[in-house]
Amino acid sequence: MSHRTAIAAALLDSKDWFSGEALAAELGISRAAVSKHIRVLAAAGYRIERAPRKGYRLVQAPDRLLPERILADAGAARLCRGGIIHHEETESTNTDARALAEQGAADGTLVVAECQTAGRGRMGRPWVSPAGDGIYASLILRPDMPLHRVPLLTLLTAVAAAEAIRRVTGLSACIKWPNDLLIGNRKVAGVLTEAASEIDAVEFVIVGLGMNVNTPKHKLPPRPLYPATSIRAESGQPVDRLGLLVATLDRFGYWYRRLGADGADSLRQRWLELSGMQGRRIRIQREAITIRGTVDGIDTDGALLLTDSAGRPQRIYSGDILP
Ligand code: BTN
């Protein structure tokens, strides 16, 4: 933990005043260094009161997804061991993460932004990312897995995000194959997974999550099949973006460790529970073709398993499930 992160954590932990002198001694730095870090935190939006002989007191933490606040959570810190890069504005956190990964960024590096000007969705679709309203985050992973199993990481991210939404807000978020999160048939979040590999060995994977959290209705884009929504539009109240991001990272870490230790079975089981798709009759649009069938499950590589209307087993790798 950097000194600045430790000071931010001390501010966030203590409801009362804390002494700059004691903190300086604890961190083994000078009081001048503490006061310099405090000035940087204030410039980043922390409202901090200062009084002689009392020290410092946090009045208000900023509503921003700042690294030191994310790293204050042990689960998130364990997952994001490569560090966190925070942007006020960027084109796309997935594009940033890819560039960083190409330059050798470590496994577990997270890129997070308050706003994206060219956020990308699946199949080249845009992802509307207004400032301060949503979660726009991309994680660099260097997993020891063959390329054909990478789609499992999309399912894993969707499971983590659905569990986090349920935990933090109580809303019944569901998963729609392969990468959407819905609340009552309206789309609240999506996952964009990108990978680079050599022959069959994965070099790195970027999992990008976009979630409409406090996005007001008028900023939500029109969507053809499943209308866009936000957590705030569904719950009727503002939601803590940081809490949702941290909960998602916690759940991601849990499932990622389980995938590494026990394989994909429990993840697939959880995905099926949260998607409610097992045994359901669905239609999938793939380019000009519509496939009808009953869902049998999900395979170890993330493919959707169907029995089509002619009774033939099908493995589906891409497409849009029609409402
Ligand atoms: C989809 O539903 O099609 C996927 C949307 C993924 C959007 C996220 S926002 C963070 C990351 N950066 C991007 O440009 N895209 C992903």
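Each ligand, and each atom within it, is numbered from 1 in the order the structure gives.
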Trainee: Give the atoms of ligand 1, by number and element, whose distance to some non-hydrogen atom of Arg122 is under 4.0 Å.
Mentor: 1 (C), 3 (O), 4 (C)
Trainee: Flag Ser92 as yes when one of its N or O atoms lies below 3.5 Å from any N or O atom of ligand 1, and as no otherwise.
Mentor: yes
Trainee: Hey, are Ser35 and Arg39 close enough side-chain-wise for a donor-acceptor pair under 3.5 Å?
Mentor: yes
Trainee: Heavy atoms only: which of Gln116, Met211, Glu194 is nearest to atom 9 (S) of ligand 1?
Mentor: Gln116
Trainee: Regarding Asn179 and Thr154, is there a side-chain donor-to-acceptor distance under 3.5 Å anywhere?
Mentor: no
Trainee: Just jot down the ligand 1 atoms closer than 4.0 angstrom to any heavy atom of Asn179, in number order.
Mentor: 1 (C), 2 (O), 3 (O), 4 (C)
Trainee: Would you call Arg166 and Glu163 a salt bridge, taking side-chain N to carboxylate O under 4.0 Å as the test?
Mentor: no
Trainee: Which word best sums up how the rings of Tyr56 and Phe18 line up, parallel for under 30°, tilted for 30 to 60°, or perpendicular for over 60°?
Mentor: tilted
Trainee: In ligand 1, which numbered atoms sit nearer than 4.0 Å to a non-hydrogen atom of Thr93?
Mentor: 10 (C), 11 (C), 12 (N)
Trainee: By number and element, which atoms of ligand 1 are closer than 4.0 Å to a non-hydrogen atom of Ala137?
Mentor: 10 (C)
Trainee: For the CG atom of Asp107 and the CG atom of Leu141, what is their distance to the nearest 0.5 Å?
Mentor: 5.5 Å
Trainee: Among all protein non-hydrogen atoms, which one is nearest to atom 5 (C) of ligand 1, and what is the separation to 0.1 Å?
Mentor: Trp127 CE3, 3.5 Å
Trainee: May I ask whether Arg125 places a heavy atom under 4.0 Å from ligand 1?
Mentor: no
Trainee: For Val191, counting its heavy atoms only, list the atoms of ligand 1 lying under 4.0 Å from any of them.
Mentor: 4 (C)
Trainee: Do His87 and Gln116 meet the criterion of a side-chain donor-acceptor pair at a distance under 3.5 Å?
Mentor: no
Trainee: Should the proximity of Met123 to ligand 1, defined as any heavy atom under 4.0 Å, be assigned to the side chain, the backbone, both, or neither?
Mentor: neither
Trainee: Is there a side chain to side chain contact (heavy atoms under 4.5 Å, CB included) between Cys80 and Leu249? Walk through the geometry before answering.
Mentor: CA-CA 8 Å; Cys80 304; Leu249 294 170; 4.1 Å; yes
Trainee: For Arg120, counting its heavy atoms only, list the atoms of ligand 1 lying under 4.0 Å from any of them.
Mentor: 5 (C), 6 (C), 7 (C), 13 (C), 14 (O), 15 (N), 16 (C)
Trainee: Any idea which atoms of ligand 1 are less than 4.0 Å away from a heavy-atom of Gly119?
Mentor: 14 (O)
Trainee: Hey, is Lys187 one of the residues with a heavy atom under 4.0 angstrom from ligand 1?
Mentor: yes
Trainee: Do the side chains of Arg69 and Asp240 get close enough for a salt bridge, i.e. N-O under 4.0 angstrom?
Mentor: no
Trainee: Run the numbers for me: atoms of ligand 1, each under 4.0 Å from some heavy atom of Gly121, listed by number.
Mentor: 1 (C), 3 (O), 4 (C), 5 (C)
Trainee: Starting from atom 8 (C) of ligand 1, which protein heavy atom do you reach first, and at what distance in Å?
Mentor: Gly210 N, 3.5 Å
Trainee: Check Asn94 against Ser138 and note the closest heavy-atom contact, atom names and distance.
Mentor: OD1-OG, 2.6 Å
Trainee: Could you tell me which non-hydrogen atom of Gly302 sits nearest to which non-hydrogen atom of Leu155, and how far apart they are?
Mentor: CA-CD1, 3.7 Å
